[in-house]
Amino acid sequence: MRRKVTVVGAGNVGASCAQLLAQRDYANVVLVDIIEGMPQGKALDLRQAGPIRYYDTNVTGTNNYEDTANSEVVVITSGVPRKPGMTRDDLVLTNMKIVQGVTEQIAKYSPKCIIIMVANPLDAMAQLALHVSKFPRNRVIGMSGVLDTARFRTFVAMELGVSVEDVSAVILGGHGDTMVPITRLAAVGGVPLSELMPADKIAAIAKRTVSGGAEIVALLKTGSAFYAPGAGAALIVDSIMLDKKRILPCSSYLEGEYDIKGVFVGVPAKIGKDGIEKIIEVKLMPEESAALKKSADAVMELVKIMKI
Ligand SMILES: NC(=O)c1ccc[n+]([C@@H]2O[C@H](COP(=O)([O-])OP(=O)(O)OC[C@H]3O[C@@H](n4cnc5c(N)ncnc54)[C@H](O)[C@@H]3O)[C@@H](O)[C@H]2O)c1
């Protein structure tokens, strides 16, 4: 019997994520959406890519949560993306209704699963899913830092003309304008970035990273980024399903780590078969710590709006 992963929301991010997961060939993929026929059509299309891309993954599309039963991991991408000029936070009231209903169904049919939240505003939606599912905190993960650090790594590699694979970066905080790039910890092949690039250039890259999503929204004009976000979610699924114990920046529910309690923010975490298996605490400079607290407060404001 093949294992099962569900992706809720068969739109841009969900379909991109499902395509990457299908190519991994370790689990069947169920694609869910409210639109009739659309997830079924995309699933059939993805299956037909199997003979060309060498995978036997059974991808199925559905509008019915019974078909998702006993999934090991569920990626939630159902939600409205932002339009030019909007912040992610502007989506909170619309997406909370969607995420609440979806989480109830997921918790009912896959009570042992690990949820990876992708819908925005990311940290608040992860908190909503934790609240609604009543899962332990290790089984609700927000995908944000994988994308944000990928953006930072891309810009550094573009600037230095090096492989993206050799660039590492640490970004903490909420997935929004208050995110905190810890640039002093960025490195290229183990060499501190500060030895390879002037401080003003590093600051400019950090700034571009923080507004990296908005840059793409402005170019696309309708919808937001989806290839890199889909890949980010698939990477976390990999680390869980293959128990890889990757250290990935993930939005996690903090219970005192970093002196923050009762809210989701992005921190480095060990991701394995049990979801978030350990939260890694990085020693921060006072100004970094203050910026992280400010970011957590911004997430808390959204949580208050949701009244959960
Ligand atoms: N965390 C991140 O880093 C990140 C990055 C990019 C996008 N996002 C967010 O991901 C979400 C999806 O973005 P997208 O570009 O794929 O949007 P999209 O509009 O292309 O797809 C969303 C899909 O969700 C479906 N949907 C809506 N309500 C549903 C429900 N109740 N049940 C099942 N499906 C439902 C829609 O029919 C649609 O197909 C947005 O909220 C966006 O802001 C997050």
Side-chain angles (χ1 to χ4, degrees), residues 6-19 30-43 61-65 67-68 74-84 86-106 109 115-129 132 140-152 171 173-177 179 209-217 220-236 248-252 264-266 299 302:
T6 286
V7 179
V8 183
N12 280 336
V13 178
S16 300
C17 180
Q19 183 178 25
V30 182
L31 204 45
V32 190
D33 206 286
I34 38 166
I35 301 174
E36 276 179 38
M38 188 267 262
Q40 290 86 345
K42 288 193 180 180
T62 184
N63 311 109
N64 186 343
Y65 284 88
D67 299 324
T68 69
V74 177
V75 181
I76 300 181
T77 76
S78 49
V80 175
R82 55 187 166 145
K83 298 191 176 75
M86 282 175 99
T87 69
R88 296 174 179 96
D89 295 357
D90 294 334
L91 303 169
V92 67
L93 293 175
T94 311
N95 284 351
M96 77 172 279
K97 292 192 193 96
I98 297 174
V99 167
Q100 173 154 5
V102 166
T103 306
E104 283 164 1
Q105 294 299 309
I106 291 307
Y109 287 101
I115 294 175
I116 301 175
M117 182 57 62
V118 181
N120 274 319
L122 188 275
D123 309 278
M125 291 303 110
Q127 188 130 350
L128 178 62
V132 172
V140 181
I141 307 172
M143 194 296 293
S144 51
V146 174
L147 173 66
D148 298 325
T149 52
R151 286 181 171 148
F152 186 93
I171 297 181
H175 183 53
D177 299 339
M179 75 175 80
T209 301
V210 173
S211 54
E215 183 179 355
I216 291 177
V217 169
L220 293 178
K221 296 186 183 68
T222 83
S224 55
F226 52 98
Y227 293 119
L235 186 76
I236 301 176
L248 300 173
C250 290
S251 184
S252 316
F264 271 80
V265 281
V299 177
L302 286 179

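Quick caveat, the model's predicted, so the values are computed rather than measured. Counting convention: from 1, in listed order, for ligands and their atoms alike. Index from 1, following the sequence.
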Legend entry - For ligand 1, the residues whose heavy atoms come within less than 4.0 Å (ordered by chain, then number):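 Those residues closer than 4.0 Å to ligand 1 by some heavy atom are Val8, Gly9, Gly11, Asn12, Val13, Asp33, Ile34, Ile35, Met38, Tyr65, Thr77, Ser78, Gly79, Val80, Pro81, Leu91, Asn95, Ile98, Val102, Val118, Ala119, Asn120, Leu122, Met143, Leu147, His175, Ser224, Ala225, Pro229.
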
Inset, instruction - Report the C-alpha distance between Ile216 and Arg151 in whole Å, list the side-chain angles of each, state the deciding distance to 0.1 Å, and finish with yes or no for side-chain contact (heavy atoms from CB on, under 4.5 Å). - result: CA-CA 11 Å; Ile216 291 177; Arg151 286 181 171 148; 4.2 Å; yes

Legend entry - Ile76 vs Ile115, side-chain contact (heavy atoms from CB on, under 4.5 Å): CA-CA, chis, key distance, verdict: CA-CA 7 Å; Ile76 300 181; Ile115 294 175; 3.8 Å; yes

Inset, instruction - May I have the step-by-step check of side-chain contact (heavy atoms from CB on, under 4.5 Å) for Val146 and Ile236, ending in yes or no? - result: CA-CA 8 Å; Val146 174; Ile236 301 176; 4.1 Å; yes

Determine all donor-acceptor pairs shorter than 3.5 Å in which one atom belongs to a side chain in residues 222-229; sequence neighbours excluded.
none

Inset, instruction - Please report the C-alpha distance between Thr77 and Cys17 in whole Å, then the side-chain angles of each, then the deciding distance to 0.1 Å, and finally whether the side-chain contact (heavy atoms from CB on, under 4.5 Å) criterion is met. - result: CA-CA 9 Å; Thr77 76; Cys17 180; 5.5 Å; no

Inset, instruction - For Leu122 and Met117, work out which heavy atoms get closest and say how close. - result: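 Where Leu122 meets Met117 most closely, the heavy atoms are CD2-O, 3.2 Å.
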
